[in-house]
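Notes follow once the structure below has been shown.
Values reported hereafter were calculated over all heavy atoms of this structure, with side chains retained and with hydrogens, waters and symmetry mates removed.
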Amino acid sequence: MFTQWIHSYRDLPLMVNQWANVTRWEMRTKPFVRTLEFLWQEGHTAHADPEEAEKEALQMIDVYTKFAYEQAAIPVIAGRKSKAETFAGADRTYTIEAMMGDRKALQAGTSHNLGQNFSRAFGTQFMDENGERQHVWQTSWAVSTRFIGGIIMTHGDDSGLMLPPKIAPIQVVIVPIWKKEDEKTGVLNAASSVKKVLQSAGIKVKLDDTDQRTPGWKFNFWEMKGVPMRIEIGPRDVSSASVVISRRDVPGKQGKVFGISMEPSILEAYVKDKLDEIQSSLLGRATSFRDSNIVDVSSYDELKAAITLGKWARGPWSASDADEQRVKEETGATIRCFPFEQPQGTKTCLMTGSPAEEVAIFAKSY
């Protein structure tokens with residue numbers, strides 16, 4: 001289609017972003033992470049020069065990185081793929097790599113600078129400003145429903161999901177509690193007014209007022225669903241015009257606060273503040289977990305030891321594709337990326353002892 005759409009430099013840059021379903025043959029599937037069909041967002045762009053294509057490819061991996069940190073609270077490591085791991089047909093592949101709860105790496109999004117490889121194969125040309133015919137320079141980039149798997153496996157615990165407030169479809173669940181029939185109306189009225197207050201403040205709220213289930217059952221259910229915050233309202237809370245608030249990310253009594261006023265301005269400010277706190281606490285926790293499981297290595301033996309312990313190994317690398325393949329065969333780990341953030345100073349390749357310009361991260365992955 002690009003070959004049909006593009007004729008002149010005036011048609012460039014051509015930028016397409018689409019949501020599409022992809023079906024592919026997978027021998028062993030894993031929910032969200034590797035499926036026979038997935039939904040993704042894929043971008044395709046065509047440019048008049050290589051600098052603009054490179055800028056676009058880097059800009060998109062930056063967008064994905066920002067989304068991972070700021071919305072999903074996943075502290076990904078952004079970088080460039082090795083030649084062996086680069087997308088077939090791309091000059092360069094950029095990636096964001098996330099550490100899951102089992103310490104395996106998940107490639108959570110990629111951006112490719114395709115150079116002129118596809119435009120030469122498909123004859124996608126344009127007339128430049130000097131009347132010369134040129135092949136376009138292309139990029140492609142995508143994030144898929146695999147990212148949902150990343151959110152589940154980064155933050156989830158034995159009680160179920162734990163969703164960062166910024167992406168949670170329900171941020172606060174209200175559970176009314178009553179024993180006697182004459183307490184029910186007062187409690188439900190208070191719960192409804194709390195719901196209205198929070199909704200008008202732009203918070204996504206669910207009031208679970210079904211009487212088929214006990215409050216304890218509801219607590220467990222919404223914890224499993226990953227709702228970041230729970231508000232409990234019983235007869236005593238109604239008479240003191242206050243509520244009890246529980247955080248999903250802090251289990252048990254430590255995560256419970258009693259006596260928060262129902263007064264709209266106080267309640268709204270408290271809830272918003274706590275949701276922000278949960279968001280940053282999830283990112284902080286995931287970052288500490290990631291950092292405590294990355295080992296700096298300077299020899300192949302150290303790399304093997306780190307991978308055996310289930311950790312990520314970070315070390316200087318300038319060895320051959322064959323050496324990289326050997327690491328994969330002997331340890332099961334691959335180069336996840338050469339991170340954009342590189343340590344200063346002279347480096348020696350962990351495999352060959354030759355000078356190395358950058359460090360690579362090795363890990364087992366999904």
Side-chain angles (χ1 to χ4, degrees), residues 31 72-73 101 148 151-264 266-286:
I148 299 171
I151 292 161
I152 294 168
M153 293 191 290
T154 300
H155 303 302
D157 63 11
D158 290 350
S159 304
L161 286 175
M162 199 180 306
L163 296 176
K166 284 191 180 172
I167 53 170
I170 301 171
Q171 295 168 312
V172 177
V173 64
I174 302 169
V175 179
I177 302 163
W178 70 88
K179 282 198 176 72
K180 306 190 194 87
E181 202 55 35
D182 62 345
E183 296 168 337
K184 183 177 174 179
T185 313
V187 167
L188 285 179
N189 287 345
S192 294
S193 68
V194 165
K195 181 187 176 185
K196 280 200 188 84
V197 165
L198 297 178
Q199 265 180 341
S200 62
I203 294 161
K204 299 173 192 156
V205 195
K206 161 91 180 159
L207 168 55
D208 187 349
D209 55 5
T210 167
D211 46 19
Q212 268 85 49
R213 303 287 185 187
T214 64
W217 189 94
K218 293 176 186 180
F219 291 177
N220 286 332
F221 180 78
W222 294 112
E223 274 173 23
M224 184 176 67
K225 290 280 193 183
V227 176
M229 187 186 288
R230 180 177 76 235
I231 294 181
E232 303 160 23
I233 303 174
R236 269 193 301 199
D237 302 302
V238 174
S239 54
S240 65
S242 69
V243 298
V244 178
I245 290 184
S246 286
R247 284 171 60 154
R248 173 67 180 86
D249 64 321
V250 184
K253 292 233 163 40
Q254 293 89 339
K256 246 186 188 221
V257 183
F258 296 84
I260 304 298
S261 169
M262 281 186 200
E263 207 280 302
I266 297 173
L267 184 61
E268 179 192 323
Y270 184 88
V271 168
K272 280 186 167 171
D273 184 53
K274 279 291 168 268
L275 288 173
D276 287 345
E277 208 176 289
I278 293 167
Q279 182 80 23
S280 53
S281 136
L282 288 178
L283 178 61
R285 190 185 299 181

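In this structure, CG in L207 is found 11.0 Å from CD1 in I170, a value given to the nearest 0.5 Å. Note that the CG atom of L275 and the CG atom of L198 stand 9.0 Å from one another [nearest 0.5 Å]. Here CG of L188 is found 6.0 Å from CG of D209. Values are rounded to the nearest 0.5 Å. One finds the CD atom of E232 at 8.0 Å from the CG atom of D237 (value rounded to the nearest 0.5 Å).
The side-chain heavy atoms of V243 and I233, taken from C-beta on, include a pair separated by under 4.5 Å.
For the side chain to side chain contact (heavy atoms under 4.5 Å, CB included) test with V271, the passing option among I245, V194, V205, D276 is I245; the others fail.
The side-chain contact (heavy atoms from CB on, under 4.5 Å) test applied to S261 returns E263, I266, not counting sequence neighbours. Taking F258 as the reference, nothing meets the ring pair (Phe, Tyr, Trp, His ring centres under 6.0 Å) condition, with sequence neighbours excluded. In terms of the side-chain contact (heavy atoms from CB on, under 4.5 Å) criterion, A269 has no residue partners (sequence neighbours excluded). The salt bridge (charged side-chain N to carboxylate O under 4.0 Å, His left out) search around E223 returns R230, not counting sequence neighbours.
Nearest heavy atom pair, residue A190 against residue S193, reads O-OG, 2.9 Å.
The environment of K256 atom NZ is dense: over 12 non-hydrogen atoms of other residues, nucleotides or ligands sit within 6.0 angstrom.
Within the structure, salt bridge (Lys or Arg N to Asp or Glu O under 4.0 Å) pairs that include any residue of residues 183-208 comprise K180-E183, K184-D211, D208-K218 (at least two apart or interchain).
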Review item, side-chain donor-acceptor pairs of residues 152-168, under 3.5 Å, at least two apart:
{"residue": "T154", "atom": "OG1", "partner": "G150", "partner atom": "O", "Å": "2.6"}
{"residue": "H155", "atom": "NE2", "partner": "A72", "partner atom": "O", "Å": "2.8"}
{"residue": "H155", "atom": "NE2", "partner": "A73", "partner atom": "O", "Å": "3.3"}
{"residue": "D157", "atom": "OD1", "partner": "S159", "partner atom": "N", "Å": "2.9"}
{"residue": "D157", "atom": "OD1", "partner": "G160", "partner atom": "N", "Å": "3.3"}
{"residue": "D157", "atom": "OD1", "partner": "R248", "partner atom": "NH2", "Å": "2.7"}
{"residue": "D157", "atom": "OD2", "partner": "R248", "partner atom": "NH1", "Å": "3.1"}

Carefully, step by step, assess I260 and L267 under the rule side-chain contact (heavy atoms from CB on, under 4.5 Å).
-> CA-CA 7 Å; I260 304 298; L267 184 61; 4.0 Å; yes

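A donor-acceptor distance shorter than 3.5 angstrom exists from the side chain of R285 to the backbone of D249, with no hydrogens or angles considered.
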